[in-house]
Protein chains: 2
Amino acid sequence: MKTIKYSKQREAIRAFLCGNRSHPTADEVYEAIRRQFPNISLGTVYRNLNLLSECGDIRKLSYTAGPDHFDYDTSDHYHFVCRDCGRVYDMPSICLPELNREAGAEAPGVIDSHELVFYGICRDCLAKGEKKASGE
Amino acid sequence: MKTIKYSKQREAIRAFLCGNRSHPTADEVYEAIRRQFPNISLGTVYRNLNLLSECGDIRKLSYTAGPDHFDYDTSDHYHFVCRDCGRVYDMPSICLPELNREAGAEAPGVIDSHELVFYGICRDCLAKGEKKASGE
DNA sequence: ATCAATAACAGTAATGATTACTGTTATCAA
DNA sequence: TTGATAACAGTAATCATTACTGTTATTGAT
């Protein structure tokens with residue numbers, strides 16, 4: 001069987017994610033970790049992000065067009081995606097654990113999970129939009 | 001302003017999607033349309049799929065890892081994605097129109113829509129899995 | 001402590017999905 | 001009929017991600 005060996009690069013990636021409110025992409029993690037490990041390779045970041053998500057320490061969010069985002073919070077929760085800037089925000093309160101069971105009857109197979117994503121424009125981009133509109 | 005001109009390639013793509021129960025990827029559309037237009041280019045398929053989804057005639061489903069899928073059914077409905085084969089199925093009955101309003105309070109911006117995706121293993125893949133397991 | 005076995009690394013090449021570019025053809029309003 | 005230009009086929013480029021390769025680091029067993 002395949003044992004997992006310690007690596008300081010992986011621990012740095014884990015620490016960065018856990019200390020971070022946002023949901024960075026692989027590239028954003030890469031840019032941040034580079035300050036600590038200037039020679040780290042993007043492949044190493046991807047390999048470790050996949051390792052961590054496979055063993056359940058982090059979550060990989062694949063539901064936006066564009067790059068995947070990574071979330072240190074593995075508890076059940078949903079997200080809000082800004083159509084403008086692509087940033088991913090938490091929606092901490094809302095929770096619908098009964099959905100899998102309710103939807104089971106009409107599903108064409110066995111449901112093991114679901115994702116709920118809200119789309120819209122975040123406050124940051126709304127503010128920028130207004131500024132731009134009033135300026136013209 | 002930019003006017004849209006008729007093209008038989010685009011109408012063939014539209015017709016293929018509308019007459020299709022599945023949610024094909026750009027490549028699947030390409031392979032199907034090629035029987036009718038042997039020289040059609042994959043770029044043309046992408047351009048028209050994007051055009052059709054921009055003007056609201058079809059829906060682009062970007063929430064699976066891997067290629068996007070396209071849906072001629074633009075009415076509000078959710079989907080089931082098989083983790084094994086990647087196929088996208090409709091979940092026609094379930095509908096939660098009040099979610100946008102309910103979630104609005106805790107959203108970091110303005111919600112305009114949401115997507116709900118169920119993940120699991122479809123009956124086809126369950127059957128294959130059982131066959132394989134019993135054969136060994 | 002030393003020593004293989006091998007996981008992880010940095011660096012780079014390859015892949016898959018999608019978009020952009022280029023010169024030519026088809027549509028359509030005047 | 002014609003001129004403007006949208007759409008085309010073909011191809012090159014881009015972006016996100018994975019795979020490969022030779023080297024380095026970790027680790028369990030001597």
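Below, chain A is the first sequence line, B the second, and so on; all start at residue 1.
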- request: Could you please spell out the steps behind the side-chain contact (heavy atoms from CB on, under 4.5 Å) verdict for A:Asn50 and A:Lys60?
  value: CA-CA 8 Å; A:Asn50 285 333; A:Lys60 185 185 198 167; 3.0 Å; yes
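A donor and an acceptor atom, one from each side chain of B:Thr25 and B:Asp27, are nowhere located under 3.5 Å apart. Between the side chains of B:Ser113 and A:Arg83, at least one donor N or O sits under 3.5 Å from an acceptor N or O. Side-chain contact of A:Ser75 with A:Asp73: a donor-acceptor pair under 3.5 Å is present, judged by distance alone. At a cut-off of 3.5 Å, with distance as the only test, no side-chain donor of B:Gln9 or B:Thr44 sits close to an acceptor on the other residue.
Taking the C1' atoms of five terminal pairs at each end of the helix from C:dA1-D:dT30 to C:dA30-D:dT1, the two resulting helix axes are inclined by 40°, rounded to 10°.
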Can you name the atoms? Protein N/O to nucleotides 27-30 of chain D N/O, anything below 3.5 Å, with the distance.
from, atom 1, to, atom 2, distance (Å)
D:dT27, OP1, A:Tyr6, N, 3.3

Once base and sugar-phosphate atoms are separated, protein heavy atoms under 4.0 Å mark nucleotides 9-19 of chain C, 5' to 3', with B, S and - as BBB-----SBB
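Cluster partners of A:Leu51, by chain and number: A:Ile4. The rule joins Ile, Leu, Val, Met, Phe, Trp and Tyr whenever side-chain heavy atoms lie under 4.5 Å apart. The hydrophobic cluster around A:Met91 extends to A:Tyr78, A:Phe80, A:Tyr89, A:Ile94, A:Leu96, A:Leu99, A:Ile111, A:Leu116, A:Phe118, B:Tyr78, B:Phe80, B:Tyr89, B:Met91, B:Ile94, B:Leu96, B:Leu99, B:Ile111, B:Leu116, B:Phe118, counting ILVMFWY residues whose side-chain heavy atoms fall within less than 4.5 Å of a member.
Contacts classified as ring-ring contact (aromatic ring centres under 6.0 Å, His included) and involving residues 3-29 of chain A (residues at least two apart or in different chains) are given here: A:His23-A:His79.
A salt bridge is defined here as a Lys NZ or Arg NE, NH1 or NH2 lying under 4.0 Å from an Asp or Glu carboxylate O, and B:Arg34 with B:Glu31 meets this definition.
Rounded to an integer number of Å, the gap from CG of B:Leu52 to P of D:dA6 is 17 Å.
A donor-acceptor pair under 3.5 Å is formed between the side chain of B:Glu106 and the backbone N or O of A:Ser93.
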